[in-house]
Amino acid sequence: MPISFKVSQKLTPSMIIANDSNHSNCSTFGVEQTSQPKRLLDFARRSKSKKSSRKVRFNESRNKSYDNKTTVADETNRTWYARQDYEKFRNHNTAVVEKAWEFECQEEDCGRTCVFTQLLVDLYHAARAVNYQLSDASILLEKTPKNRQRIKELKKLYNKKGSSKDGWMDLIGLECHFLLSVKEDARRQRMAVQDNVQDVQDEYKKGLWNESEMYFEMRESCLNHSQAMGLFGQLLAMAQQQD
C-alpha cells in the first residue's frame with residue numbers, strides 16, 4: 001500500500017520533487033589540480049533547462065554473437081543474478097526508503113523536523129555551492145566548521161536506532177532515493193551533462209575547437225554539473241565511517 005508522506009526539506013527554486021527514474025549514471029571527468037582554486041567558466045548558456053528530443057539508434061545488423069564454450073548453463077545459473085534476484089533487490093530498497101519516509105512523517109506529526117533529512121540536505125547544498133574545481137571534500141570541513149559539526153551529528157545518527165532496527169545505516173547508498181529533491185536535481189544535472197557534451201561536439205564539428213580544446217571545454221563545462229554529487233558522496237562516506 002503506498003505511503004502518504006510529506007517532505008520537510010528546504011528546496012531551492014530549481015529543485016522539484018519527483019520520482020520518475022530508478023536509473024543512475026556515473027560520469028568521470030579528468031581534472032587538473034592547481035594550488036589555487038580555479039574558477040569555473042560561465043556556462044550559463046549551456047545550463048539552461050531544455051527538454052531533449054535526441055534519440056539513439058543501433059544498427060542491429062552489425063551485432064555479432066559468440067558461443068560460450070567454457071561455461072555450462074548450470075554454472076551460469078549459480079554465479080549470475082537472475083531477473084528474480086534484481087526484483088528482490090528493488091523491493092528491499094523500496095521498503096527501506098518507504099520505512100525511512102514513514103519515520104520522517106512521524107517526526108513531523110510530532111512537530112519535529114527530521115534531523116537526519118536536514119543534515120543530508122545541508123551537506124548536499126554545501127557540495128552544490130562549490131563553484132571551483134575541487135577533488136577533496138575534506139577541504140569543505142576545514143573551511144566550514146558547520147560542515148564538520150554536520151558530519152559528527154550524521155555519524156551518530158547512522159549508528160543510532162531510527163528508521164529501522166539498524167538505524168539509518170540501511171539507507172547507505174539510497175540517500176538520493178530518500179531525498180527526492182536531491183534525486184531530481186541529480187537527474188537534471190545528468191541531463192545537463194549530456195546536453196553540454198552534445199553542444200561541444202557540435203561546435204567541434206563546426207571547426208570552433210581543435211581536438212585538445214574540445215576535450216578541455218567538455219571537461220570544464222561538465223564539471224559544474226558532475227562535481228557536486230561526487231563531493232556529496234565523499235561527505236557521506238566520512239559520516240558513515242566506523243570509529
Side-chain angles (χ1 to χ4, degrees), residues 3 5-12 14-28 86 88-108 112-130 134-138 140-141 144 146-193 225-243:
I3 296 176
F5 62 92
K6 297 178 290 184
V7 178
S8 61
Q9 304 157 12
K10 295 180 180 179
L11 304 179
T12 63
S14 63
M15 292 185 179
I16 305 172
I17 295 178
N19 190 10
D20 60 352
S21 172
N22 60 357
H23 301 285
S24 62
N25 296 329
C26 177
S27 300
T28 303
Y86 288 113
K88 290 180 181 179
F89 299 152
R90 283 192 292 268
N91 291 339
H92 171 75
N93 292 341
T94 299
V96 169
V97 172
E98 288 181 346
K99 194 169 186 178
W101 281 335
E102 184 178 11
F103 177 80
E104 183 184 41
C105 288
Q106 292 172 358
E107 290 287 284
E108 288 193 344
R112 298 188 297 265
T113 300
C114 184
V115 178
F116 182 79
T117 301
Q118 192 59 56
L119 288 172
L120 289 180
V121 172
D122 289 342
L123 286 176
Y124 182 73
H125 286 170
R128 287 283 286 130
V130 177
L134 180 65
S135 59
D136 186 359
S138 64
L140 298 179
L141 306 186
T144 310
K146 283 186 178 181
N147 288 334
R148 287 200 301 270
Q149 185 60 32
R150 288 163 181 159
I151 292 294
K152 290 180 180 179
E153 293 179 16
L154 198 56
K155 184 186 289 286
K156 293 178 182 178
L157 289 175
Y158 269 119
N159 293 281
K160 181 180 179 181
K161 289 186 177 180
S163 61
S164 69
K165 62 183 178 63
D166 297 320
W168 294 97
M169 289 295 262
D170 284 351
L171 270 181
I172 289 182
L174 300 174
E175 288 89 354
C176 287
H177 294 277
F178 172 65
L179 300 171
L180 297 182
S181 62
V182 173
K183 180 178 181 179
E184 172 60 18
D185 188 56
R187 185 193 67 81
R188 293 192 302 117
Q189 299 308 317
R190 290 196 299 269
M191 295 295 295
V193 167
H225 304 291
S226 63
Q227 178 173 259
M229 191 56 69
L231 295 176
F232 182 54
Q234 290 183 47
L235 294 173
L236 290 182
M238 296 174 195
Q240 294 159 2
Q241 287 179 343
Q242 299 290 324
D243 294 330

If we only count heavy atoms from C-beta on, is the Leu235 to Leu154 side-chain gap below 4.5 Å? no
Glu98 and Trp101, any side-chain heavy atoms less than 4.5 Å apart: yes
From CD (Gln234) to CG (Leu123), nearest 0.5 Å: 12.5 Å
Say you draw a straight line from CG of Leu179 to CG of Leu174; how long is it, rounded to the nearest 0.5 Å? 11.0 Å
In chain order, what residues pass the side-chain hydrogen bond (donor to acceptor under 3.5 Å, both in side chains) check against Gln149, with sequence neighbours excluded? Glu153
When rounded to the nearest 0.5 Å, the distance separating CD of Glu175 from CG of Leu120 is 6.0 Å
If I take atom CD from residue Glu104 and atom CZ from residue Phe116, how far apart are they, to the nearest 0.5 angstrom? 10.0 Å
Less than 4.5 Å apart, side chain to side chain, heavy atoms only: is that true for Val182 and Met229? yes
Do the rings of Phe178 and Trp168 sit parallel, tilted or perpendicular, given the 30° and 60° boundaries? tilted
Among residues at least two apart in sequence or on other chains, which ones pass side chain to side chain contact (heavy atoms under 4.5 Å, CB included) with Thr144? Lys146, Asn147
Check: Arg190 and Arg187 side chains under 4.5 Å, non-hydrogen atoms: yes
Residues which pass side-chain hydrogen bond (donor to acceptor under 3.5 Å, both in side chains) with Asp136, listed by chain and number, not counting sequence neighbours: Ser138
